Structure formats: structure tokens, C-alpha cells
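Down below is the structure, laid out as C-alpha cells.
We number each residue from 1, following the sequence as shown. Hydrogens, waters and symmetry mates are skipped; everything else that's a heavy atom, side chains included, is used. Everything numeric here is computed off the predicted structure, so don't read it as measured data.
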Amino acid sequence: MQLAQIVPKIRTQKETIFDYSIPPEILPQVKAGILVKIPFHGRDIEGIVVDIKRSSPINILKPISEVIDPVPAVDEIHLKLACWMADYYLEPLSKTLFENIVPPAKRIIKKISFINKNLPHTSNTKNKSYKKYLIVADFSSRMQFYLKAINNTIAKQKSVIILLPDLSLIPYFSKYFKNSIEILHARMTRSERWRKWDLIRQNNPKIIIGSQSALFAPVKNLGLIIIDQEENETFKNSRSPRFHFVKAAEKLSQLSAVNLILGSLTPRIETFNRALKGDFKLLKIKMPVILPKITIVDMNYEKYIISNTLEKQIDYTLQNNQKILLVLNRKGEGTKFSCLDCDWIAHCPKCGLPLIPEKFQNICFHCQINLPHPEKCPKCQGINLKPMGIGTSRLKKFLTDLFPKINIVKIEKEIYESNIQKSWQIAIVTTFALKFNLPNIGLVGIIDADQGLNFPDFSSSEKNFSTFYKFLKVGERGIIQTHLPQNYLFKSLARLDYERFFLDEMINRKKFSFPPFVRIIRLLYKNQDEVQVNIETQRVYEMLKQTVSDNQSSVSPPYWPFIKKERGKFRRQIIIKIRPVKKLSDEEKEFLKSLSKGWILDVDPLNIL
């Protein structure tokens with residue numbers, strides 16, 4: 001008698017593979033990878049068959065209810081990928097398999113007329129030779145390299161998957177391709193996503209392009225994976241399973257024996273370090289000989305948010321009829337709403353962070369809540385309340401006073417790309433503007449270069465360098481306003497020297513034991529009861545010292561992160577640092593995966609805020 005091992009679609013942190021009997025009438029249809037319906041705790045749910053076997057330690061087994069889809073929903077390679085993701089990221093297999101590799105089926109699957117039902121969905125792994133590339137260059141140079149690799153792959157009758165960090169970038173890519181293209185992304189409705197997923201499975205288009213979810217498209221005869229802007233934070237899943245798409249793409253490349261290309265202007269420190277060690281073939285395309293002239297302004301000797309140097313450069317640039325970008329990654333009227341009499345500051349009731357003042361209200365962008373300005377101070381009852389610090393709205397008012405006849409715009413989430421090409425002269429921008437194809441820029445000014453360095457996080461310098469580098473590179477001239485003119489970050493930015501920054505940052509990371517010198521596992525506990533948070537995190541810490549801590553790893557005592565509260569819940573965390581040579585034992589993995597409700601387990605976090 002044959003039995004099926006099935007992963008049910010359930011939300012649990014426990015391991016989820018169960019044995020089911022196969023009714024004789026559906027036996028010919030049951031094979032690894034198909035989607036079935038199974039009885040589970042009094043209800044019928046979806047499941048994926050992962051293996052067929054002849055015996056089970058359980059005497060009486062429940063039978064499979066029905067075969068939902070006779071065509072395998074997932075092949076052997078993607079099953080292996082899901083198992084690897086579950087093991088590396090300490091997540092249950094049901095999550096890595098269902099929430100990413102197999103889209104929600106729902107009722108629509110019954111309305112599809114399947115063809116080629118016996119056609120196996122497999123990738124070609126006969127050629128075990130494959131290469132991994134990291135190309136460091138601007139977008140146009142990266143695009144030329146991508147197109148050559150894509151054409152070579154298609155010429156060999158193989159398919160290509162292209163991952164982009166933002167859907168707005170898809171038109172920049174798709175316009176180059178004459179071959180059959182399918183676009184797949186997570187913003188589609190469930191029915192749209194399933195139809196597209198099944199269309200790819202049946203027709204095998206040459207190019208699949210999209211956001212993160214396109215990585216798991218059921219492509220037959222895959223030959224190449226491209227990930228552009230590999231440093232972008234959107235490639236790390238922010239909810240469970242918390243995996244990194246670049247890491248998963250590497251594993252898929254290995255399992256499928258297909259080439260992988262990562263592209264970036266400023267790659268992640270960990271990625272560039274691995275390329276230098278030979279894990280990737282490093283391709284560095286030389287930038288133009290004429291680089292922007294960039295000046296560092298010491299704001300310790302300046303009175304106003306616009307330094308004398310920047311003001312003169314703005315005036316010079318306007319006289320030459322050139323456009324100006326002023327970078328300030330802080331929306332609103334200021335950094336806080338405060339009482340001038342007693343120094344009271346308005347904080348978000350849910351997370352405790354200072355509220356950002358707008359014209360008629362205070363906003364928490366972290367929790368997405370709006371609160372009206374108080375008429376008087378709740379602490380001293382005074383009425384001297386006003387925004388403090390500088391934000392994009394306040395900067396615009398300041399510039400309007402300086403240059404009253406100049407057309408000044410803000411490029412934030414409310415603006416459409418068509419407006420970016422219009423006749424403005426000064427644009428105040430946040431990082432959101434990097435997604436657009438900007439016109440020719442005469443001057444780029446970094447208004448408050450120190451802002452992002454105030455966050456107590458190992459990746460703060462890297463993120464700031466990457467953002468400012470991309471902005472400064474689009475201008476003919478650049479000005480960096482900072483109170484820390486001797487900081488290595490700004491010295492490297494002034495020369496647009498990524499490798500100089502990389503070397504300095506590596507020294508810093510080695511000194512304080514951060515990636516790539518260690519792997520990090522972040523354990524974050526959340527609860528509405530602050531006392532319970534303290535008790536639970538201390539309990540787990542004491543157990544971790546016995547279970548995980550050794551000469552190849554360290555466990556931090558519990559501490560409050562920068563964001564102490566989130567949506568009304570207190571947050572407290574424990575950071576585990578592991579040397580790259582160490583592999584977690586089964587005992588250590590089981591302990592971490594068995595943590596109680598309220599714990600969030602994040603392997604290789606992008607930040608520890």
C-alpha cells in the first residue's frame with residue numbers, strides 16, 4: 001500500500017509533514033508536488049505531496065480527500081529550495097512552501113482547463129556548470145550586461161527570471177525585450193496571481209520579470225536569474241518566513257545549475273566581501289572619468305540649515321538654468337512637536353517615537369496614525385507649542401523665502417513620475433525619488449547628512465552611503481552638509497569611492513563583531529505587558545546561555561531596541577552572534593524554533609532597531 005507524505009497549509013511554528021493514505025481511485029494521479037485536499041482537525045485544507053512511501057509508523061491513516069490539481073504545483077528543485085529555506089531561516093516548511101513557492105489556489109483552480117497534464121515541471125540540471133556574477137556599475141552599464149546575458153540564454157532555448165526591487169522599474173526593462181514576457185508580482189489579486197502562475201507553468205515564456213515573488217515562478221528549463229539593485233531592503237521578507245530573496249536565488253541557482261547575476265551601484269557589504277573572496281565573479285565597469293565635484297561643508301560653523309556655500313551654489317546653478325536636487329530624508333515640518341516652556345515632546349501613543357509635525361496634525365510614519373496638534377501643552381498647560389528641527393515642508397518654506405521667484409517642488413510619494421520632468425528648478429527629495437528617471441541635474445545638496453547616522457544600528461553607515469552616493473552621482477556638482485566632516489563615510493562620498501568606504505566599514509564591523517564577520521540571529525519578543533516582556537526575555541536568555549553560547553557564538557543579554565514599542569506592544573530583544581565557521585546543531589535549531597508565541601525569529605536581519 002502506498003502512502004503520501006503531505007505538508008498541510010497551516011500556520012504553525014512546528015514541523016508540518018504528515019502521512020496520509022491514498023484512495024485507490026486517485027492513486028494514478030498522486031505524485032510528489034501535486035496540490036491535494038486533506039482532512040485536518042475536522043476541516044478540509046490544502047496540502048502539497050512531498051514524497052510517496054510504502055509504510056508509516058501510524059497504523060490508521062486518514063485518506064486524501066481529493067486531488068485539486070493533477071499537474072505538479074512544485075517540482076523537486078523547488079521542494080528542495082523550500083526545505084533549505086525552512087532549515088536556514090528556522091521556519092516551518094509549510095510557510096516556506098505555501099507562502100512563497102506555491103501561490104494561493106482557492107476556487108479558481110477548478111475553472112482552469114489543464115493541458116499537458118502529464119508534463120513534469122522540472123528544470124534542466126544536466127549541465128552542472130554555472131556561474132555567479134556581481135556587476136558593480138551604473139544602470140546603463142548593468143543593462144548592457146544583462147541584455148547580452150539574456151540574449152545568450154534565450155539563444156540556448158532557456159528562460160530568464162528578472163527580479164526588481166520596485167514595480168515602477170519594470171517598464172525600463174520590458175521595453176528592451178521582443179521575446180515573450182510574463183510579469184508576476186505580489187500586488188496581483190489571488191486569482192490574477194494564480195492565473196499568471198499557471199500560464200507560466202503551461203506556456204513557459206522566455207522571460208519572467210517582476211518583484212520578489214517572480215523568483216518562484218514555475219519556469220521550465222531555467223537558464224539565468226538576474227537581481228538588479230541587490231542591496232535594496234525590499235529583497236528581505238519583512239514577515240514570516242523572514243528570508244532574503246538574494247540568498248534564496250543563490251540556492252535556486254545552485255540547485256538548478258543556472259547562472260546568477262547580481263547588479264548594483266553600491267552592493268551590500270556582505271555581498272562585495274564575498275565577491276572579493278571569489279564567491280562571485282566581480283565585474284567592475286569603470287565610471288566616467290569626469291566625476292561630480294563634491295564639497296564637504298562643516299555645519300559646526302554655520303547658522304542656518306542652508307549653509308553659505310550651498311546658498312551660493314544654488315544661486316550659481318539657477319543663473320545657469322540648471323536643476324537642483326536638495327536631499328532631506330525627513331518629511332513634514334520638523335523632527336518633533338515641542339513645548340518651548342517645559343520641553344515636552346509629542347510622542348506616538350503606540351510606539352513612543354516623537355511625532356512628526358505637519359501643518360495641521362502630528363504624524364507617526366512608523367505606525368501610520370495622525371493626531372491633531374494639541375491646543376496647549378499637556379504637561380505645563382502652556383501654549384508655546386511649535387515644530388522643531390527641519391523637514392521637507394519646512395525646508396520648502398525656507399527656500400521660498402530665499403528664492404521667492406523660483407519654482408520649488410517636493411518629490412515624495414504623492415508625486416507622479418510625469419511631474420518630475422516638468423519645469424521645476426529646485427526639487428526637495430527623499431529616498432523615494434531614487435525610483436524615478438531624473439532629468440539632468442546641475443547641483444545636488446545633502447541637507448542633513450548626519451541624520452541617518454543617529455540610529456544605533458550596524459548598517460546605518462552603509463545605508464546612508466548608498467543613498468547619498470546614488471543622489472550625488474546624478475549631479476554635476478555636489479555639497480554635503482555635516483557636523484562630522486572627518487567621518488570616513490563623507491570622505492568616501494566626496495570622492496564617490498565605494499571601495500574606500502567598504503574598507504573603512506569593514507574595519508568598523510570587525511571591531512564590533514558585525515556581519516560579515518559574524519552571522520546574526522535576532523530574537524524579538526513583543527507583548528502589551530512590560531513586566532511580562534522583561535520576565536520572558538530573561539527566561540529565554542538564561543536558557544540560551546546553556547543551549548547556544550560557546551566559543552564560536554555569543555548571546556547578548558536582553559535589551560530594549562531603539563523602537564521600544566510597536567502598535568501598543570513593548571519590544572525587547574536578544575542578539576545571537578555566530579562565527580561563519582559554526583553551524584547550528586539540531587538541538588540549537590529545535591530550541592530556537594520552539595520559542596513561545598510573541599517571539600519573532602529573524603536570521604540575518606537587515607537591522608536591529
Distance-only donor-acceptor hits, side chain of residues 444-455, under 3.5 Å, sequence neighbours excluded:
residue : atom : partner : partner atom : Å
D448    : OD1  : D450    : N            : 3.4
D448    : OD2  : R330    : NH2          : 3.0
D450    : OD1  : T482    : OG1          : 2.5
D450    : OD2  : H483    : N            : 2.7
D450    : OD2  : H483    : ND1          : 3.3
Q451    : NE2  : N329    : O            : 3.1
N454    : ND2  : Q451    : O            : 3.4

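- Partners of K577 by salt bridge (charged side-chain N to carboxylate O under 4.0 Å, His left out), not counting sequence neighbours: none found.
- Considering every non-hydrogen atom in both R242 and L601, the closest pair reads CD-O, 3.9 Å.
- Side-chain contact between L606 and H244 is present, with at least one heavy-atom pair separated by less than 4.5 Å.
- Of the candidates F465, Y469, F468, F501 forms a ring pair (Phe, Tyr, Trp, His ring centres under 6.0 Å) with just one, namely F465.
- Atom NZ of K545 is surrounded by more than 12 heavy atoms from other residues, nucleotides or ligands within 6.0 Å.
- The pair R268-E462 does not meet the salt-bridge criterion, since no charged nitrogen lies less than 4.0 angstrom from a carboxylate oxygen.
- For an aromatic pair to be called close, the ring centres must be under 6.0 Å apart, and F173 with F139 satisfies this.
- Taking all atoms of both residues into account, the shortest heavy-atom contact from N237 to P241 is ND2-O, 2.9 Å.
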Would S253 and K132 count as a side-chain hydrogen bond (donor to acceptor under 3.5 Å, both in side chains) here? Give the steps. CA-CA 8 Å; S253 168; K132 296 187 296 182; over 6 Å; no
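- Residues satisfying the side-chain hydrogen bond (donor to acceptor under 3.5 Å, both in side chains) criterion with S492, sequence neighbours excluded, are absent altogether.
- Shown here for Q229 and F235, the closest heavy-atom pair between the two residues is O-CE1, 3.3 Å.
- For the ring pair (Phe, Tyr, Trp, His ring centres under 6.0 Å) test, residues two or more places apart in sequence or in another chain that qualify with Y498 are F272.
- Ring geometry for F432 against F436 counts as perpendicular: the plane angle is over 60°, on a 0 to 90° scale with 30° as the lower cut.
- Here the side chain of D315 pairs no donor or acceptor atom with the backbone of E311 at under 3.5 angstrom.
- Among residues two or more places apart in sequence or in another chain, the side-chain hydrogen bond (donor to acceptor under 3.5 Å, both in side chains) test is passed with R500 by D504.
- Applying the side-chain hydrogen bond (donor to acceptor under 3.5 Å, both in side chains) test to D602 and every residue at least two apart in sequence or in another chain returns K236.
- Shown here for I207 and I162, the closest heavy-atom pair between the two residues is CG2-CD1, 4.0 Å.
- Between E270 and K247, no side-chain nitrogen of the basic residue sits less than 4.0 Å from a carboxylate oxygen of the acidic one, so the salt-bridge criterion is not met.
- Evaluated for a side chain to side chain contact (heavy atoms under 4.5 Å, CB included) with K470, the options V327, T431, L265 yield exactly one hit, L265.
- With L523 as the fixed residue, the side chain to side chain contact (heavy atoms under 4.5 Å, CB included) test singles out one of L544, I575, I600, T537: L544.
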